[in-house]
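For reference, the structure is listed below as structure tokens.
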Amino acid sequence: MYEILNNIFGNQAVAWIIAAALPLFVFILPFALFAVWLERKVSAHMQDRLGPMRVGWHGVLQTIADILKLIQKEDIIPAEADKKLFNLAPILVFAGSYAAFAAIPFSSKYIGSNAEVGIFYIIAVSSFVVAGILMGGWASNNKYALLGAMRSAAQIVSYEIPSAIVILTMVMLTGTLSLDKFSQIQTAYFWNWFILGGPGDGLTKFLLIPFMIIGFTILYISTLAEVNRTPFDIPEAESELVAGYHTEYSGMKFAMFFLAEYGNMFAVSAVITLLFFGGYQSPFGYLGNSFNIPWLVPIEQVFWFTFKGIIFVFVQMWLRWTLPRLRVDQLMHVCWKFLIPYSFVNLIIVGIITLFR
Amino acid sequence: MNGLKQYFKDTWLGIWTVLVGMKVTFKHLFVPAVTIQYPDVRVKLPERARNRLYVNMDDCIGCDQCARACPVSCIEIETVKAVPGEDLGTTSNGKKKALWVTKFDIDIAKCCYCQLCVFPCPTECIYMTDVYEFSEYERQNLVYKFATLTEAEVEEKKKNFEKFTAEKEAQKAAARQNSSASATAKAKAEQKPEQPKTE
Ligand code: SF4
Ligand code: SF4
């Protein structure tokens, strides 16, 4: 992406800034606006309500109105707060979720950074969020915020283990860390997706399927916990902790936490799509290829990638409005006594199968 | 071994119950919403719903019964008697009106919508309407003034009545003087009859 922009503008700095700002304005903001609306609609319809209906058709412009309201709000900093850290925390949290987008391949033509260590990079920067959350909770000087931040840190750190093990399994299977390669391996038909055993045929493909499903389930659950969504929304548990680590935040800073949460939701869905569901590959081949229109292919890829991502975001919302919140001990129980052992055994079995491929 | 079996059972149960729950919520995604888009669509009120009061002043005879029935005393009525020359007309059910209602205020902010004022009214002119949206920015605006007379008219009626009473007083005073002599005789005549002696 950067090279193309550099060719167009002939100036490295301009190309760099545009390449950095592009995913934010083209994707994350519109997606967050859409996802907040979707969340409200999904929750409403699951409870036999209607949700926002007033602003625009079925309330589609509701989030824009909300953002306008948030921008106008007074920026309150508690008197006893640690001002520097307090102001830094939302930026850090947002930067963490934003940085993950740099390595996500939206299509074969658009990747912020086609780093060889894409998936490793995503795991690394998404842990950034923990620091931001802890910082925000600590700096607020509020018992609820601090408790929320502590819980959040404990939760994210423990759930990173199963998700890292599952990702390790996949890396072992494919022999690459590059997310673009992950997509390329799972060529353009759904039976080549890793959830269905990956490309190729023969016995190993079918042997892999159940372990892939287990891996997918573990990764889905643990990423759900990493983005603090129900049933793992213990850090923000409204009924116990007011709003958790962002209790004291208002206006734009609150909006940044919010944006980061929805950005993260998509980021983890994207990782799952990339690892198990073919990445940006279409499930049924490309129209562009069959009609010989080469420029259509990347557009289709962007469509399929966003579509799959949104499906997983939808499932996250679906789970949120289905399940009650876990208790802290249950949370740790699920992670250490179930997810980690399963993912370890899964890792070993997939390793053995890989040996005989 | 038993423990391991239990472990797998628990895992399966955990996943299975989540799926069951998801099925339930997914079904509800397609159940028609129960929400009513309120200002656009309204539910029909029940037949005997109690909302804002209305007083039809054409029929009010100023009998003050509603004000006395009200448990929170939010109705304030002031009346002035009509002088003989004036004709106030009759109510729709044929009762003769004899009082000018100079003030008929209902403080809707205090009203508890108990409808107790409605039943005693002899002419059925105070009743509940189906209006329930009447919020105001000033609490003062919730005092509803039903009296139809203007202030000037009220003054006029009061003066008329005062003049009338003054004239009447004067007449009475004159009459009393005339009859003072006969009054004493009359008083004597009306004395307690003597008790017949029994001894
Ligand atoms: S409804 Fe009840 S409270 Fe209201 S004015 Fe009538 S008697 Fe008073
Ligand atoms: S009871 Fe009816 S007639 Fe009597 S004062 Fe009240 S409203 Fe008027």
Side-chain angles (χ1 to χ4, degrees), chain A residues 38-55 57-59 162 210 213-222 224-225 229-232 311-312 314-326 330-331 333-346, chain B residues 1-52 108-109 112-113 128-139 141-142:
Chain A
L38 186 71
E39 168 107 66
R40 295 176 67 174
K41 276 304 201 189
V42 166
S43 70
H45 283 284
M46 278 180 178
Q47 297 165 352
D48 300 350
R49 297 182 286 119
L50 285 174
M53 288 292 278
R54 295 262 138 207
V55 196
W57 179 82
H58 278 243
I213 291 173
I214 292 173
F216 161 69
T217 317
I218 293 169
L219 187 63
Y220 199 85
I221 296 171
S222 50
L224 201 62
R229 298 279 302 176
T230 319
F232 306 106
I311 293 268
F312 285 114
F314 170 75
V315 177
Q316 287 178 350
M317 293 171 182
W318 183 5
L319 278 169
R320 170 166 182 186
W321 299 104
T322 302
L323 299 176
R325 184 183 307 129
L326 265 66
Q330 289 170 333
L331 176 90
H333 186 86
V334 168
C335 178
W336 293 96
K337 292 196 178 161
F338 287 91
L339 295 184
I340 291 178
Y342 272 111
S343 57
F344 254 122
V345 173
N346 203 36
Chain B
M1 208 61 221
N2 238 353
L4 201 61
K5 216 166 142 193
Q6 191 58 40
Y7 180 79
F8 285 120
K9 234 181 177 171
D10 288 350
T11 318
W12 177 244
L13 198 68
I15 294 169
W16 178 247
T17 44
V18 169
L19 292 178
V20 168
M22 284 173 85
K23 194 177 136 204
V24 171
T25 41
F26 195 71
K27 266 192 208 149
H28 274 270
L29 210 50
F30 303 103
V31 171
V34 293
T35 312
I36 283 153
Q37 291 284 293
Y38 158 58
D40 302 337
V41 184
R42 284 152 205 265
V43 197
K44 208 175 156 288
L45 286 175
E47 209 176 323
R48 286 185 288 169
R50 306 199 298 255
N51 300 296
R52 190 168 71 181
I108 299 284
C112 63
Y113 308 99
M128 294 285 182
T129 59
D130 54 7
V131 184
Y132 51 86
E133 298 153 308
F134 44 94
S135 52
E136 295 277 358
Y137 285 103
E138 294 289 327
R139 201 174 294 172
N141 294 346
L142 281 169

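This structure is a prediction, so every number in the text was calculated from the model and none was measured. Note that these values count all heavy atoms, side chains included, but never hydrogens, waters or copies made by symmetry. Lettering of chains follows the sequences in order, A, B, ..., and the numbering in each one begins at 1.
- The backbone N or O of A:Pro162 sits nowhere less than 3.5 Å from a side-chain atom of A:Tyr342 that would complete a donor-acceptor pair.
- Residues A:Trp321 and A:Ser43 come closest through the heavy atom pair CE2-CB, 3.0 Å.
- Atoms CE and CZ, on A:Met46 and B:Phe26 in that order, are 7.5 Å from each other to the nearest 0.5 Å.
- A:Tyr220 and A:Phe312 have tilted rings, their planes meeting at an angle from 30° to 60° on a 0 to 90° scale.
- Contacts of B:Phe30 with chain A are absent, with no heavy-atom separation under 4.5 Å from either backbone or side chain.
- Side-chain contact of B:Asn2 with B:Gln6: a donor-acceptor pair under 3.5 Å is absent, judged by distance alone.
- Atom NE2 of A:His333 is separated from atom CG of B:Asp10 by 7.5 Å, given to the nearest 0.5 angstrom.
- For the atom pair CG of A:Leu339 and OG1 of B:Thr11, the computed distance is 9.5 Å after rounding to the nearest 0.5 Å.
- Between A:Trp318 and A:Val315, the closest side-chain pair of non-hydrogen atoms falls below 4.5 Å.
- The interface of residues 16-24 of chain B with chain A, defined by heavy-atom distances below 4.5 Å, comprises B:Val18, B:Gly21, B:Met22.
- The shortest non-hydrogen separation linking B:Pro32 to A:Asp48 is O-CB, 4.4 Å.
- Listed by sequence position, B:Thr35, B:Gln37, B:Pro39, B:Asp40 are the residues of residues 35-48 of chain B in contact with chain A, using a 4.5 angstrom heavy-atom cutoff.
- Contact detail for A:Lys337 and B:Tyr7: the closest heavy-atom pair is O-OH, 2.6 Å.
- Here the side chains of A:Pro231 and A:Leu224 are in contact, with some heavy-atom distance below 4.5 Å.
- A:Leu319 places none of its side-chain heavy atoms less than 4.5 Å from the side chain of A:Arg229.
- Taking non-hydrogen atoms and a 4.5 Å limit, the residue list of residues 128-136 of chain B in contact with chain A is empty.
- The two residues B:Leu142 and B:Ala109 have their closest heavy-atom pair at CD1-CB, 3.8 Å.
- Residue contact with chain B, scored on non-hydrogen atoms closer than 4.5 Å, is absent for A:Lys41.
- For A:His58, there are no ring-ring contact (aromatic ring centres under 6.0 Å, His included) partners two or more places apart in sequence or in a different chain.
- For A:Leu323, the part lying under 4.5 angstrom from a heavy atom of chain B is the side chain only.
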